[in-house]
Amino acid sequence: MREYLLYIKACGGSIPQVQTYVTPSFSVDRSFWQEREGCVLHVIGKTSSLALAFSLRAKVNGYLMEQVGKGRMLTDGYVKELRALAVSSVCEASSLYGREAVSVQDRREQGWFSWESVEESVEVSYRGSKDSGKLQGARLGFISGRELLRRSSSPEKPQEVVLREILDGRALLWDEVESLLKKRGADVHDLSAILHSFVLANKAEWRPGIRFTVTKGWWRNRLELVCERCGSAGAKVEITYCHTCEQGCAYCTACLAMGRSKCCTPYFLMDVGASLIRSADHLQNMARLEWAGKYSADQSRAAERARCFVANPRPGLSEYLIWAV
(Lines give C-alpha, C1' and ligand atoms only; values in the text may rest on other atoms or scores of the structure.)
Protein backbone atom coordinates (compact mmCIF):
# COMPACT_ATOMS: atom_id res chain seq x y z
CA MET A 1 0.00 0.00 0.00
CA ARG A 2 1.53 3.31 -1.13
CA GLU A 3 1.67 6.31 1.20
CA TYR A 4 1.85 9.97 0.23
CA LEU A 5 3.44 12.65 2.35
CA LEU A 6 2.36 16.30 2.34
CA TYR A 7 5.05 18.88 3.10
CA ILE A 8 5.77 22.59 2.74
CA LYS A 9 9.06 23.80 1.27
CA ALA A 10 10.14 27.17 2.69
CA CYS A 11 13.07 29.20 1.30
CA GLY A 12 14.46 32.28 2.99
CA GLY A 13 15.78 35.45 1.40
CA SER A 14 14.47 38.96 0.92
CA ILE A 15 11.27 37.46 -0.55
CA PRO A 16 10.45 34.21 1.32
CA GLN A 17 9.01 31.53 -0.95
CA VAL A 18 6.63 28.82 0.25
CA GLN A 19 5.40 25.87 -1.83
CA THR A 20 3.41 22.75 -0.97
CA TYR A 21 4.19 19.28 -2.34
CA VAL A 22 2.79 15.76 -2.28
CA THR A 23 5.39 13.01 -2.52
CA PRO A 24 5.45 9.19 -2.54
CA SER A 25 9.17 9.26 -1.71
CA PHE A 26 10.37 11.96 0.70
CA SER A 27 14.03 10.90 0.33
CA VAL A 28 13.85 11.81 -3.37
CA ASP A 29 12.57 15.28 -2.50
CA ARG A 30 15.34 15.91 0.02
CA SER A 31 18.03 14.86 -2.46
CA PHE A 32 16.43 16.93 -5.21
CA TRP A 33 16.37 20.14 -3.16
CA GLN A 34 19.89 19.57 -1.82
CA GLU A 35 21.18 19.86 -5.39
CA ARG A 36 19.30 23.10 -6.04
CA GLU A 37 18.83 25.31 -3.00
CA GLY A 38 18.89 25.41 0.76
CA CYS A 39 15.45 25.23 2.34
CA VAL A 40 13.37 23.83 5.19
CA LEU A 41 10.83 21.06 4.55
CA HIS A 42 7.95 21.14 7.03
CA VAL A 43 6.10 17.80 7.01
CA ILE A 44 2.34 18.10 7.59
CA GLY A 45 1.34 14.43 7.53
CA LYS A 46 0.81 11.34 5.38
CA THR A 47 -2.00 9.21 3.97
CA SER A 48 -2.55 6.28 1.61
CA SER A 49 -5.22 8.27 -0.29
CA LEU A 50 -3.68 10.34 -3.07
CA ALA A 51 -6.99 12.16 -3.52
CA LEU A 52 -6.97 13.17 0.15
CA ALA A 53 -3.35 14.35 -0.08
CA PHE A 54 -4.15 16.60 -3.05
CA SER A 55 -7.32 17.89 -1.41
CA LEU A 56 -5.33 18.85 1.70
CA ARG A 57 -2.61 20.44 -0.43
CA ALA A 58 -5.22 22.71 -2.01
CA LYS A 59 -6.60 23.54 1.44
CA VAL A 60 -3.15 24.32 2.87
CA ASN A 61 -2.19 26.38 -0.20
CA GLY A 62 -5.34 28.47 0.14
CA TYR A 63 -4.60 29.15 3.79
CA LEU A 64 -0.95 29.95 3.02
CA MET A 65 -1.86 32.48 0.31
CA GLU A 66 -4.33 34.14 2.65
CA GLN A 67 -1.74 34.49 5.42
CA VAL A 68 1.07 35.55 3.07
CA GLY A 69 -1.17 38.40 1.93
CA LYS A 70 -1.21 39.52 5.55
CA GLY A 71 2.60 39.46 5.69
CA ARG A 72 2.77 36.51 8.05
CA MET A 73 6.02 34.47 8.24
CA LEU A 74 6.10 30.67 8.34
CA THR A 75 6.95 30.17 12.02
CA ASP A 76 6.76 26.94 14.04
CA GLY A 77 3.44 28.09 15.46
CA TYR A 78 2.12 28.74 11.96
CA VAL A 79 3.16 25.22 10.83
CA LYS A 80 1.38 23.80 13.86
CA GLU A 81 -1.78 25.62 12.77
CA LEU A 82 -1.47 24.07 9.29
CA ARG A 83 -1.17 20.57 10.77
CA ALA A 84 -4.31 21.21 12.82
CA LEU A 85 -6.05 22.54 9.69
CA ALA A 86 -5.18 19.28 7.88
CA VAL A 87 -6.63 17.18 10.71
CA SER A 88 -9.90 19.14 10.79
CA SER A 89 -10.16 18.93 6.98
CA VAL A 90 -9.74 15.14 7.10
CA CYS A 91 -12.51 14.90 9.70
CA GLU A 92 -14.82 17.02 7.56
CA ALA A 93 -14.07 15.01 4.40
CA SER A 94 -14.66 11.73 6.27
CA SER A 95 -17.99 12.98 7.58
CA LEU A 96 -19.16 14.16 4.15
CA TYR A 97 -18.01 10.95 2.46
CA GLY A 98 -19.80 8.82 5.03
CA ARG A 99 -22.98 10.83 4.54
CA GLU A 100 -22.88 10.13 0.79
CA ALA A 101 -22.01 6.43 1.19
CA VAL A 102 -25.59 5.44 2.00
CA SER A 103 -25.38 2.15 0.06
CA VAL A 104 -22.15 0.98 1.69
CA GLN A 105 -22.80 -1.43 4.56
CA ASP A 106 -19.41 -1.04 6.18
CA ARG A 107 -19.97 2.19 8.13
CA ARG A 108 -16.44 3.01 9.22
CA GLU A 109 -16.38 3.83 12.93
CA GLN A 110 -12.89 5.34 12.80
CA GLY A 111 -13.56 7.56 9.80
CA TRP A 112 -13.35 6.97 6.08
CA PHE A 113 -9.86 8.36 5.44
CA SER A 114 -6.50 7.56 6.97
CA TRP A 115 -4.33 10.47 8.06
CA GLU A 116 -1.26 10.59 10.28
CA SER A 117 0.06 13.96 11.40
CA VAL A 118 3.86 14.15 11.29
CA GLU A 119 5.57 16.82 13.39
CA GLU A 120 8.88 16.99 11.56
CA SER A 121 10.84 19.81 9.96
CA VAL A 122 13.94 18.96 7.92
CA GLU A 123 16.59 21.57 7.15
CA VAL A 124 18.11 20.90 3.73
CA SER A 125 21.60 22.26 3.09
CA TYR A 126 22.57 23.27 -0.43
CA ARG A 127 25.14 20.87 -1.97
CA GLY A 128 24.87 21.69 -5.66
CA SER A 129 27.52 22.83 -8.13
CA LYS A 130 28.74 26.40 -8.59
CA ASP A 131 26.75 26.74 -11.81
CA SER A 132 23.62 25.69 -9.98
CA GLY A 133 24.47 28.23 -7.32
CA LYS A 134 24.59 30.99 -9.94
CA LEU A 135 21.18 29.95 -11.16
CA GLN A 136 19.91 29.91 -7.62
CA GLY A 137 21.10 33.48 -7.16
CA ALA A 138 19.20 34.49 -10.29
CA ARG A 139 15.94 33.05 -8.95
CA LEU A 140 14.67 36.47 -7.95
CA GLY A 141 15.75 37.98 -11.29
CA PHE A 142 14.49 37.15 -14.75
CA ILE A 143 14.61 33.32 -14.55
CA SER A 144 11.33 31.62 -13.66
CA GLY A 145 11.18 28.73 -11.20
CA ARG A 146 10.34 26.26 -13.99
CA GLU A 147 13.32 27.45 -16.08
CA LEU A 148 15.57 27.25 -13.01
CA LEU A 149 14.68 23.59 -12.44
CA ARG A 150 15.11 22.79 -16.13
CA ARG A 151 18.57 24.35 -16.37
CA SER A 152 19.89 23.11 -13.06
CA SER A 153 18.63 19.54 -13.31
CA SER A 154 21.24 16.79 -13.29
CA PRO A 155 21.90 14.67 -16.40
CA GLU A 156 19.35 11.90 -16.65
CA LYS A 157 20.39 8.35 -15.80
CA PRO A 158 19.88 5.47 -18.28
CA GLN A 159 16.66 4.31 -16.61
CA GLU A 160 15.28 7.85 -16.67
CA VAL A 161 16.08 8.18 -20.38
CA VAL A 162 14.27 4.92 -21.11
CA LEU A 163 11.25 5.99 -19.07
CA ARG A 164 11.04 9.38 -20.80
CA GLU A 165 11.14 7.72 -24.21
CA ILE A 166 8.40 5.20 -23.32
CA LEU A 167 6.10 7.57 -21.39
CA ASP A 168 6.68 10.69 -23.49
CA GLY A 169 3.41 12.58 -23.98
CA ARG A 170 1.29 9.90 -22.30
CA ALA A 171 -1.33 10.15 -19.54
CA LEU A 172 -1.64 6.79 -17.76
CA LEU A 173 -2.91 5.27 -14.54
CA TRP A 174 -0.31 3.53 -12.40
CA ASP A 175 -1.32 0.03 -13.53
CA GLU A 176 -1.11 1.17 -17.15
CA VAL A 177 2.41 2.51 -16.60
CA GLU A 178 3.53 -0.84 -15.16
CA SER A 179 1.84 -2.80 -17.96
CA LEU A 180 3.40 -0.62 -20.65
CA LEU A 181 6.90 -0.96 -19.17
CA LYS A 182 6.46 -4.73 -18.92
CA LYS A 183 5.29 -4.87 -22.52
CA ARG A 184 8.35 -2.88 -23.66
CA GLY A 185 10.64 -5.08 -21.58
CA ALA A 186 11.84 -2.18 -19.41
CA ASP A 187 13.12 -3.31 -16.01
CA VAL A 188 12.93 -0.20 -13.78
CA HIS A 189 13.97 -0.26 -10.14
CA ASP A 190 12.10 2.04 -7.73
CA LEU A 191 9.67 3.25 -10.40
CA SER A 192 7.77 5.54 -8.03
CA ALA A 193 10.93 7.45 -7.06
CA ILE A 194 12.04 8.00 -10.67
CA LEU A 195 8.61 9.16 -11.80
CA HIS A 196 8.44 11.57 -8.87
CA SER A 197 11.83 13.03 -9.83
CA PHE A 198 10.24 13.94 -13.19
CA VAL A 199 7.40 15.66 -11.32
CA LEU A 200 9.81 17.71 -9.20
CA ALA A 201 11.69 18.79 -12.35
CA ASN A 202 8.41 19.94 -13.96
CA LYS A 203 8.65 17.24 -16.64
CA ALA A 204 5.54 15.40 -15.43
CA GLU A 205 2.57 15.65 -13.09
CA TRP A 206 0.91 13.45 -10.48
CA ARG A 207 -2.85 13.47 -10.10
CA PRO A 208 -5.25 11.17 -8.24
CA GLY A 209 -7.47 9.06 -10.49
CA ILE A 210 -10.46 10.57 -8.67
CA ARG A 211 -10.06 13.99 -7.06
CA PHE A 212 -12.39 15.43 -4.49
CA THR A 213 -13.03 18.86 -3.10
CA VAL A 214 -15.19 20.14 -0.28
CA THR A 215 -17.63 22.67 -1.72
CA LYS A 216 -19.14 25.25 0.60
CA GLY A 217 -22.91 25.66 0.44
CA TRP A 218 -25.37 28.06 2.03
CA TRP A 219 -27.12 25.17 3.78
CA ARG A 220 -24.37 22.56 4.16
CA ASN A 221 -21.03 21.60 2.66
CA ARG A 222 -20.76 18.74 0.18
CA LEU A 223 -18.07 16.56 -1.32
CA GLU A 224 -17.51 16.77 -5.08
CA LEU A 225 -15.75 13.81 -6.76
CA VAL A 226 -14.47 14.04 -10.35
CA CYS A 227 -12.58 11.55 -12.52
CA GLU A 228 -9.30 13.13 -13.66
CA ARG A 229 -9.12 10.86 -16.71
CA CYS A 230 -12.56 11.36 -18.31
CA GLY A 231 -14.04 14.24 -16.31
CA SER A 232 -17.10 12.32 -15.13
CA ALA A 233 -18.74 13.29 -11.85
CA GLY A 234 -21.93 12.83 -9.87
CA ALA A 235 -23.67 9.48 -10.20
CA LYS A 236 -20.94 8.18 -12.52
CA VAL A 237 -18.44 8.19 -9.64
CA GLU A 238 -19.19 5.26 -7.32
CA ILE A 239 -18.55 5.85 -3.62
CA THR A 240 -17.20 2.74 -1.91
CA TYR A 241 -14.72 1.28 0.59
CA CYS A 242 -11.44 0.16 -1.00
CA HIS A 243 -9.66 -2.97 0.23
CA THR A 244 -6.44 -1.81 -1.47
CA CYS A 245 -5.95 1.43 0.48
CA GLU A 246 -8.35 0.37 3.27
CA GLN A 247 -10.43 3.54 3.29
CA GLY A 248 -13.02 5.53 1.39
CA CYS A 249 -12.00 5.37 -2.27
CA ALA A 250 -14.45 6.27 -5.03
CA TYR A 251 -13.99 5.00 -8.58
CA CYS A 252 -15.31 6.06 -12.01
CA THR A 253 -17.88 3.83 -13.71
CA ALA A 254 -17.92 5.85 -16.96
CA CYS A 255 -14.39 4.86 -18.06
CA LEU A 256 -14.21 1.58 -16.13
CA ALA A 257 -13.62 -0.39 -19.35
CA MET A 258 -10.26 1.38 -19.68
CA GLY A 259 -9.17 0.41 -16.16
CA ARG A 260 -10.26 1.44 -12.68
CA SER A 261 -9.64 5.11 -11.99
CA LYS A 262 -9.95 5.68 -8.23
CA CYS A 263 -8.85 7.90 -5.35
CA CYS A 264 -5.77 5.89 -4.38
CA THR A 265 -4.57 5.30 -7.96
CA PRO A 266 -1.96 7.75 -9.31
CA TYR A 267 -2.71 9.26 -12.72
CA PHE A 268 0.65 10.11 -14.26
CA LEU A 269 1.03 12.69 -17.04
CA MET A 270 4.38 13.03 -18.84
CA ASP A 271 5.00 16.12 -20.93
CA VAL A 272 5.99 15.96 -24.60
CA GLY A 273 9.77 16.19 -24.80
CA ALA A 274 12.03 13.67 -26.47
CA SER A 275 9.57 12.73 -29.19
CA LEU A 276 9.74 16.25 -30.65
CA ILE A 277 13.52 16.22 -30.99
CA ARG A 278 13.68 14.69 -34.44
CA SER A 279 15.79 15.32 -37.53
CA ALA A 280 14.37 17.36 -40.42
CA ASP A 281 14.50 14.32 -42.71
CA HIS A 282 12.52 12.25 -40.21
CA LEU A 283 9.86 14.96 -39.93
CA GLN A 284 9.56 15.09 -43.72
CA ASN A 285 9.16 11.31 -43.83
CA MET A 286 6.42 11.55 -41.20
CA ALA A 287 4.57 14.12 -43.32
CA ARG A 288 4.59 11.73 -46.30
CA LEU A 289 3.13 8.77 -44.39
CA GLU A 290 0.07 7.27 -46.06
CA TRP A 291 -2.20 4.54 -44.77
CA ALA A 292 -2.42 1.53 -47.11
CA GLY A 293 -5.39 -0.17 -45.42
CA LYS A 294 -9.09 -0.18 -46.26
CA TYR A 295 -12.03 1.43 -44.47
CA SER A 296 -15.05 -0.56 -43.38
CA ALA A 297 -18.40 0.71 -44.66
CA ASP A 298 -19.02 2.72 -41.46
CA GLN A 299 -15.47 4.10 -41.40
CA SER A 300 -15.73 5.14 -45.03
CA ARG A 301 -19.01 6.94 -44.37
CA ALA A 302 -17.56 8.76 -41.34
CA ALA A 303 -14.39 9.74 -43.22
CA GLU A 304 -16.38 11.12 -46.14
CA ARG A 305 -18.58 13.20 -43.84
CA ALA A 306 -15.49 14.57 -42.09
CA ARG A 307 -13.92 15.44 -45.46
CA CYS A 308 -17.09 17.27 -46.52
CA PHE A 309 -17.18 19.17 -43.22
CA VAL A 310 -13.60 20.41 -43.71
CA ALA A 311 -14.10 21.20 -47.41
CA ASN A 312 -17.37 23.10 -46.85
CA PRO A 313 -17.11 25.17 -43.65
CA ARG A 314 -20.36 26.47 -42.20
CA PRO A 315 -20.77 29.67 -40.16
CA GLY A 316 -21.05 28.92 -36.45
CA LEU A 317 -19.82 25.31 -36.82
CA SER A 318 -16.15 24.91 -35.91
CA GLU A 319 -16.01 21.42 -34.43
CA TYR A 320 -16.68 17.96 -35.84
CA LEU A 321 -16.71 14.89 -33.61
CA ILE A 322 -15.92 11.35 -34.75
CA TRP A 323 -16.70 8.85 -32.02
CA ALA A 324 -14.56 5.78 -32.69
CA VAL A 325 -11.76 3.61 -31.31
Side-chain angles (χ1 to χ4, degrees), residues 1-9 19-37 39 41 43-54 57 114 116 118 120 122 124-129 132 149-150 152-209 228-229 242 244-247 249 259-275:
M1 182 169 58
R2 288 183 291 269
E3 283 194 323
Y4 304 96
L5 188 140
L6 175 67
Y7 72 91
I8 300 170
K9 180 177 78 74
Q19 294 169 290
T20 312
Y21 292 87
V22 173
T23 175
S25 181
F26 191 48
S27 60
V28 172
D29 293 69
R30 284 183 293 184
S31 298
F32 183 86
W33 298 122
Q34 277 181 345
E35 296 176 2
R36 286 153 182 82
E37 56 188 337
C39 58
L41 309 180
V43 181
I44 303 300
K46 59 184 179 180
T47 177
S48 54
S49 172
L50 186 58
L52 177 65
F54 271 81
R57 187 182 74 166
S114 68
E116 180 183 344
V118 180
E120 179 182 4
V122 179
V124 176
S125 300
Y126 174 64
R127 298 179 184 177
S129 64
S132 296
L149 293 179
R150 185 185 68 80
S152 63
S153 58
S154 303
E156 290 185 338
K157 300 175 183 178
Q159 285 192 341
E160 295 175 349
V161 174
V162 171
L163 274 177
R164 277 193 62 81
E165 182 178 348
I166 294 176
L167 301 178
D168 192 37
R170 296 179 183 268
L172 302 170
L173 295 176
W174 182 264
D175 292 342
E176 294 172 320
V177 172
E178 292 182 322
S179 297
L180 181 60
L181 296 181
K182 185 177 180 180
K183 182 178 179 180
R184 297 291 182 87
D187 184 18
V188 179
H189 300 289
D190 204 355
L191 176 61
S192 180
I194 297 178
L195 293 183
H196 185 57
S197 69
F198 290 149
V199 174
L200 287 171
N202 282 321
K203 298 175 182 176
E205 184 181 353
W206 287 116
R207 293 182 188 177
E228 284 283 10
R229 180 169 62 182
C242 177
T244 301
C245 63
E246 300 179 351
Q247 61 193 311
C249 188
R260 190 171 292 243
S261 175
K262 54 183 182 176
C263 288
C264 66
T265 300
Y267 184 45
F268 185 78
L269 298 87
M270 177 69 84
D271 69 356
V272 179
S275 64

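- Taking SG from Cys263 and CG from Leu50, the interatomic distance works out to 9.0 Å, rounded to the nearest 0.5 Å.
- Between Trp33 and Val124 there is a side-chain heavy-atom pair separated by less than 4.5 Å.
- Partners of Glu228 by side-chain hydrogen bond (donor to acceptor under 3.5 Å, both in side chains), not counting sequence neighbours, listed by chain and number: Arg207, Arg211.
- The side-chain hydrogen bond (donor to acceptor under 3.5 Å, both in side chains) test applied to Glu178 returns Trp174, not counting sequence neighbours.
- One finds no salt bridge joining Lys203 and Glu160 here, because no Lys/Arg side-chain nitrogen approaches an Asp/Glu carboxylate oxygen to under 4.0 Å.
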Quiz item: After noting the C-alpha distance and the side-chain angles of Cys264 and Cys249, does the key distance pass the side-chain contact (heavy atoms from CB on, under 4.5 Å) rule?
Solution: CA-CA 7 Å; Cys264 66; Cys249 188; 3.6 Å; yes

Self-check item: Evaluation steps, side-chain contact (heavy atoms from CB on, under 4.5 Å), between Leu200 and Phe32
Solution: CA-CA 8 Å; Leu200 287 171; Phe32 183 86; 3.7 Å; yes

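- Partners of Arg30 by side-chain hydrogen bond (donor to acceptor under 3.5 Å, both in side chains), not counting sequence neighbours: none found.
- Note that the OG atom of Ser125 and the CD atom of Glu37 stand 12.5 Å from one another [nearest 0.5 Å].
- In this view, Arg57 satisfies the salt bridge (Lys or Arg N to Asp or Glu O under 4.0 Å) rule with no residue, not counting sequence neighbours.
- Using a 4.0 Å cut-off between charged nitrogen and carboxylate oxygen, Glu176 and Arg229 count as a salt-bridge pair.
- Atoms CG and CZ, on Leu167 and Arg184 in that order, are 9.0 Å from each other to the nearest 0.5 Å.
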Please report, to 0.1 Å, the donor-acceptor pairs under 3.5 Å made by any side chain of residues 190-198, with sequence neighbours excluded.
from, atom 1, to, atom 2, distance (Å)
His196, ND1, Trp206, NE1, 3.0
His196, NE2, Thr23, OG1, 3.1
His196, NE2, Asp29, OD1, 2.9
His196, NE2, Asp29, OD2, 3.1
Ser197, OG, Ile194, O, 2.5

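- In this structure, the side chains of Arg170 and Met270 stay at 4.5 Å or more apart for every pair of heavy atoms.
- At a threshold of 4.5 Å between non-hydrogen side-chain atoms, the residues Ile44 and Ile8 count as touching.
- Using modelled atom types, one finds no donor on one side chain facing an acceptor on the other under 3.5 Å when comparing Glu3 with Thr47.
- Within the 4.5 Å cutoff, the side chain of Thr20 has no heavy atoms near those of the Tyr7 side chain.
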Exercise. Let me see the working for Leu181 and Leu163 under side-chain contact (heavy atoms from CB on, under 4.5 Å), right down to the final yes or no.
Key: CA-CA 8 Å; Leu181 296 181; Leu163 274 177; 3.6 Å; yes

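- Legend: residues meeting side chain to side chain contact (heavy atoms under 4.5 Å, CB included) with Thr244, ordered by chain and number and at least two apart, are Cys242, Lys262.
- A salt bridge links Asp271 with Arg164: the closest approach of a Lys/Arg side-chain nitrogen to an acidic carboxylate oxygen falls below 4.0 angstrom.
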Self-check item: Full working for side-chain contact (heavy atoms from CB on, under 4.5 Å) between Arg127 and Arg36
Solution: CA-CA 7 Å; Arg127 298 179 184 177; Arg36 286 153 182 82; over 6 Å; no

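- Side-chain contact between Gln247 and Ser48 is present, with heavy atoms from C-beta onward closer than 4.5 Å.
- Side-chain contact check for Phe26 versus Leu41: some heavy-atom pair is nearer than 4.5 Å.
- Between the NZ atom in Lys46 and the CD atom in Glu116 there is a gap of 4.5 Å [rounded to 0.5 Å].
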